[in-house]
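Values below: all heavy atoms of this structure, side chains included; hydrogens, waters and symmetry mates excluded.
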Amino acid sequence: MVNFYYPESLKEALELKASKELIPLAGGTDLMVRYENWSSLPADFPGSVIAVGHLKELQYVREEEGVLCIGGGLPLNEVLEHKGIPDCLALSLDGIAAPALRNLATLAGNIQNASPAADSLPPLILMDATVRLISKSGSREMPVRDFVSGPGRTALSGNELIESVRIPMAFINAEGKGRLSYRKVGTRKANALSKLSVCFWSQAEEGRIKDIRMTLGAVAAVVVRLPEAEKALTGISLSDLEKAWTKVRPLYEEAIRPIDDQRSTAFYRKRSALRLLDAFIQESASEF
């Protein structure tokens, strides 16, 4: 039998996590699927579970010290209702499942599940978002890109919880000045896992690329982002961008290493991802 803990406060939750090996459960929309059991039987969790989605201390959106902080227990639909959420994140969250599921699912849960097809990861990594991890003994912050290390693998320690996801206000303030492209390729717009997802953003100034960012999900074990490739394209004139891209494109061809599964083939994923990259470069090369 699985023990289920329902703390009354975040402090109590951290004390429990410090003393026991517990699986955190917020909305449970990923965990219930991962540990599903035979029909009509409870989920077959490998250990005891602690509920955290009801904790008010984890349900907020606020700006502090140059970052937009999204509490780890806030349901996705409530995140979407906040006017300060960047467009690239809103577009990705709006494509996750159905509204009823988004009333339960959380952004922290989507990250902690660490699926290569997680819809929120490409925009979060593109924005250089971080996660704040807390435990009874303290807190630490790390980039989302470093937090997810592989399918189902993260840097979360056994005594920690994701307190918040933190997005730099510098990007949020600049987003509208650039060219944004987000695309989820799936069987349906929602209610389906992604075959692949891409998030691109570029900003031009005086006819040159000032900033360019490209992330791709579900095409490798982790989200693909190549800072060295982006750096090679930064400062290039718009008229020379497509030519410069031909030298950078092989880096993405090497980094995109998808698999065959029930949703798609590796061939389709790689071809589609590269074509979407080509299209974004063409769009970025045109004047705003």
Side-chain angles (χ1 to χ4, degrees), residues 26-27 29-30 58-99 101-132 141-148 154 162-186 189-190 192-194 196-203 211-218 222-225 230 276 280:
T29 56
D30 284 320
L58 299 179
Q59 297 182 358
Y60 68 88
V61 179
R62 61 173 176 255
E63 183 181 343
E64 55 182 54
E65 298 180 355
V67 294
L68 183 71
C69 304
I70 303 172
L74 193 67
L76 296 182
N77 274 341
E78 293 188 38
V79 176
L80 283 166
E81 289 173 0
H82 196 278
K83 295 181 179 179
I85 296 301
D87 290 341
C88 63
L89 181 60
L91 288 169
S92 71
L93 299 186
D94 191 50
I96 294 178
L101 184 142
R102 293 196 297 271
N103 283 332
L104 293 172
T106 64
L107 183 57
N110 195 239
I111 297 169
Q112 188 172 329
N113 192 48
S115 166
D119 290 308
S120 70
L121 289 179
L124 288 172
I125 290 174
L126 179 139
M127 295 184 291
D128 295 323
T130 62
V131 286
R132 181 172 181 255
E141 190 173 335
M142 66 188 306
V144 172
R145 183 179 183 183
D146 296 333
F147 178 72
V148 178
T154 72
I162 297 179
E163 187 276 330
S164 60
V165 181
R166 306 163 76 84
I167 302 170
M169 288 301 302
F171 177 84
I172 294 175
N173 294 333
E175 185 185 45
K177 302 173 185 177
R179 187 186 296 275
L180 171 67
S181 179
Y182 174 82
R183 177 77 179 273
K184 172 180 177 175
V185 180
K189 181 179 179 181
L193 292 176
S194 300
L196 70 142
S197 61
V198 294
C199 191
F200 309 138
W201 182 78
S202 64
Q203 183 181 8
D211 196 349
I212 188 166
R213 309 180 186 196
M214 300 178 279
T215 55
L216 304 98
V222 295
V223 170
V224 171
R225 184 179 181 190
E230 296 171 356
L276 288 168
F280 175 69

Checklist entry - Under 3.5 Å, is there a donor-acceptor pair linking the side chains of T130 and E141? => result yes

Checklist outcome for this item: Output for pair (L74 CG, L107 CG), nearest 0.5 Å, gives 9.0 Å

Checklist entry - Taking it one step at a time, do V198 and Y182 satisfy side chain to side chain contact (heavy atoms under 4.5 Å, CB included)? => result CA-CA 6 Å; V198 294; Y182 174 82; over 6 Å; no

Checklist entry - Measuring from T215:OG1 to L121:CG, what's the distance to the nearest 0.5 Å? => result 9.5 Å

Checklist entry - Does a side-chain heavy-atom distance below 4.5 Å link L196 with L276? => result yes

Item to check | For A129 against I167, the heavy-atom pair lying closest together | outcome: CB-CG1, 4.2 Å

Checklist entry - Is the centre of the F171 ring less than 6.0 Å from the centre of the W201 ring? => result yes

Item to check | Nearest non-hydrogen partners of G84 and I172, listed with the distance | outcome: O-CG2, 4.1 Å

Checklist entry - Given the rule in the side chain to side chain contact (heavy atoms under 4.5 Å, CB included) test, do M142 and V131 qualify, once you have shown the distances and angles that lead to the verdict? => result CA-CA 6 Å; M142 66 188 306; V131 286; 4.0 Å; yes

Checklist entry - Should we say atom CD of E64 is surrounded by more than 12 heavy atoms from elsewhere, each under 6.0 Å from it? => result yes

Checklist entry - Does D87 reach the main-chain N or O of E175 with its side chain, forming a donor-acceptor pair under 3.5 Å? => result no

Item to check | Heavy-atom pair with the smallest gap, counting every atom of P168 and R166 | outcome: CD-O, 4.0 Å

Next on the checklist: If I compare all heavy atoms of V148 with all of V222, which pair ends up nearest, and what's the gap?
Outcome noted: O-CG1, 4.0 Å

Checklist entry - Would a distance-only check, ignoring hydrogens and angles, find a side-chain to backbone donor-acceptor pair under 3.5 Å from N173 to M169? => result yes

Checklist entry - Checking side chain to side chain contact (heavy atoms under 4.5 Å, CB included) for the pair L180/L91: CA distance, chi angles, key distance, verdict? => result CA-CA 11 Å; L180 171 67; L91 288 169; 4.1 Å; yes

Checklist entry - Would a 4.5 Å heavy-atom cut-off, applied to side chains only, mark S164 and I70 as touching? => result no

Next on the checklist: Main chain of T154, side chain of Q112: is a donor-acceptor contact present, judged purely on distance under 3.5 Å?
Outcome noted: no

Item to check | Closest contact, heavy atoms only, L89 versus M127 | outcome: CB-CE, 4.1 Å

Checklist entry - Rounded to the nearest 0.5 Å, how far does CD of E78 lie from CG of N103? => result 8.0 Å

Item to check | Pair L76-D94, side chain to side chain contact (heavy atoms under 4.5 Å, CB included): steps then yes or no | outcome: CA-CA 9 Å; L76 296 182; D94 191 50; over 6 Å; no

Checklist entry - When rounded to the nearest 0.5 angstrom, what is the spacing between CG in L58 and OG1 in T106? => result 9.5 Å

Item to check | Value rounded to 0.5 Å, distance of CG in N110 from OG in S115 | outcome: 8.0 Å

Checklist entry - About how many Å separate CZ of R179 and CZ of F280, when rounded to the nearest 0.5 Å? => result 8.0 Å

Checklist entry - Is R213 paired with D128 through a side-chain N to carboxylate O contact shorter than 4.0 Å? => result yes

Next on the checklist: Under a 3.5 Å threshold, yes or no: a donor from one side chain and an acceptor from the other, between D119 and S194?
Outcome noted: yes

Next on the checklist: Testing the basics here: between S92 and S120, what is the closest heavy-atom pair and its distance to 0.1 Å?
Outcome noted: OG-CA, 4.0 Å

